[in-house]
Visitor: 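Sharing a structure here in structure tokens format.
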Amino acid sequence: LIDFGHAQSEANATSYEATEGFEAPEVGNGTPHSRLSDAYSIGKTLLAILRKTETEHPAVKHVAEMLSRSESSERVSLKKALDILEAKRQQQQDAYDSPTSGSPPTKVPRLVSPTANERRMN
């Protein structure tokens, strides 16, 4: 779906193709690709998936909107987006584990793959 290496490998290219609505506005205006332009495309892709599947994931929708803001200076990085989603997952896990929730603890699925250090610890 997305070529994350595009910003580096195609920096000197004279032409490229883009899908309308998924290309960052600044790239369409001639600014070189960057990680934030990749973030824009990922955000737009996530929003399209949520719309097509008619799935309700408020946290994912919120992060996708943050990634796909028109102004690159207002976008979050992909790292920040993953951190936000993982914090939300942890918050949900804490709520399920809380003795006041009235239900037995449930494992909330990770939204982000574990890091190499986390895999070694488990």
Side-chain angles (χ1 to χ4, degrees):
L1 290 175
I2 299 167
D3 179 6
F4 292 106
H6 192 73
Q8 287 78 34
S9 65
E10 299 294 324
N12 297 322
T14 57
S15 67
Y16 65 93
E17 293 183 31
T19 303
E20 186 176 338
F22 292 84
E23 177 185 55
E26 67 274 11
V27 174
N29 293 330
T31 302
H33 284 269
S34 69
R35 289 184 176 161
L36 287 176
S37 61
D38 286 342
Y40 180 90
S41 298
I42 292 168
K44 288 296 189 176
T45 301
L46 286 172
L47 289 171
I49 291 168
L50 290 173
R51 195 170 38 257
K52 278 286 195 184
T53 61
E54 298 179 4
T55 306
E56 289 293 323
H57 290 287
V60 175
K61 182 178 180 187
H62 175 70
V63 166
E65 289 169 344
M66 293 171 69
L67 288 167
S68 59
R69 290 182 176 151
S70 294
E71 293 294 325
S72 63
S73 62
E74 296 177 5
R75 281 181 218 137
V76 296
S77 68
L78 294 173
K79 168 90 171 86
K80 178 70 174 171
L82 292 174
D83 289 347
I84 292 168
L85 289 173
E86 183 56 23
K88 181 65 175 173
R89 185 206 64 85
Q90 187 59 55
Q91 181 184 25
Q92 290 174 338
Q93 184 66 55
D94 292 347
Y96 282 116
D97 291 344
S98 171
T100 60
S101 68
S103 59
T106 304
K107 185 72 173 168
V108 176
R110 290 183 71 99
L111 296 172
V112 180
S113 298
T115 65
N117 286 338
E118 289 173 322
R119 284 192 293 272
R120 280 190 288 249
M121 293 171 64
N122 290 332

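Below, all heavy atoms of this structure are taken into account, side chains as well, without hydrogens, waters or symmetry copies.
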Visitor: Output, in order, the C-alpha distance, side-chain angles, deciding distance and verdict of side-chain contact (heavy atoms from CB on, under 4.5 Å) for Lys44 and Leu67.
Guide: CA-CA 8 Å; Lys44 288 296 189 176; Leu67 288 167; over 6 Å; no
Visitor: Side-chain heavy atoms nearer than 4.5 Å, only ILVMFWY residues, links allowed to pass through others: does that put Leu36 and Met66 together?
Guide: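 Different clusters: Leu36 never reaches Met66 through Ile, Leu, Val, Met, Phe, Trp or Tyr contacts under 4.5 Å.
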Visitor: Is there a donor-acceptor pair closer than 3.5 Å between any side-chain N or O of Arg69 and the backbone N or O of Arg75?
Guide: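 No, the answer is negative, given that no donor and acceptor are paired below the 3.5 Å cut-off.
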Visitor: Can you hop from Leu50 to Val76 via hydrophobic side chains spaced under 4.5 Å?
Guide: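 They do share one cluster, since a chain of ILVMFWY contacts under 4.5 Å joins Leu50 to Val76.
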Visitor: Looking at every heavy atom in both Ala64 and Leu46, which two are closest together, and how far apart are they?
Guide: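 Smallest interatomic distance, heavy atoms only, reads CB-CB, 3.8 Å.
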Visitor: Please examine the side chains of Glu86 and Leu82, heavy atoms only from C-beta on, and report whether any two atoms are closer than 4.5 Å.
Guide: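 SC-SC contact between Leu82 and Glu86 ruled out.
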Visitor: Work out which heavy atom in Ile84 is nearest to a heavy atom in Val63; give both atom names and the distance.
Guide: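 The answer is CG2-CG2, 3.6 Å.
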Visitor: Roughly how far, to the nearest 0.5 Å, is the CZ atom of Arg89 from the CG atom of Asp94?
Guide: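 CZ of Arg89 is found 8.5 Å from CG of Asp94.
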Visitor: Do Glu65 and Leu47 make a side-chain contact, defined as non-hydrogen atoms from C-beta onward lying under 4.5 Å apart?
Guide: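 With C-beta onward as the side chain, the pair touches.
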Visitor: Nearest 0.5 Å please: distance from the CZ atom of Arg35 over to the CG atom of Leu78.
Guide: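 Taking CZ in Arg35 and CG in Leu78, the distance rounds to 9.0 Å.
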Visitor: With rounding to the nearest 0.5 Å, note down the distance linking NZ in Lys88 to CD in Gln91.
Guide: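 Between Lys88 NZ and Gln91 CD, I get 4.5 Å after rounding to 0.5 Å.
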Visitor: Report yes if some heavy atom in the side chain of Glu26 is under 4.5 Å from a heavy atom in the side chain of Ser37; otherwise report no.
Guide: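 Touching, per the 4.5 Å side-chain cut-off.
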Visitor: Without swapping roles, check the side chain of Thr53 against the backbone of Ile49 for a donor-acceptor pair under 3.5 Å.
Guide: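 Pair found, side chain donor or acceptor close to backbone of Ile49.
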Visitor: Report the distance from atom OH of Tyr40 to atom OG of Ser68, rounding to the nearest 0.5 Å.
Guide: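 If we round to the nearest 0.5 Å, Tyr40:OH and Ser68:OG are 6.5 Å apart.
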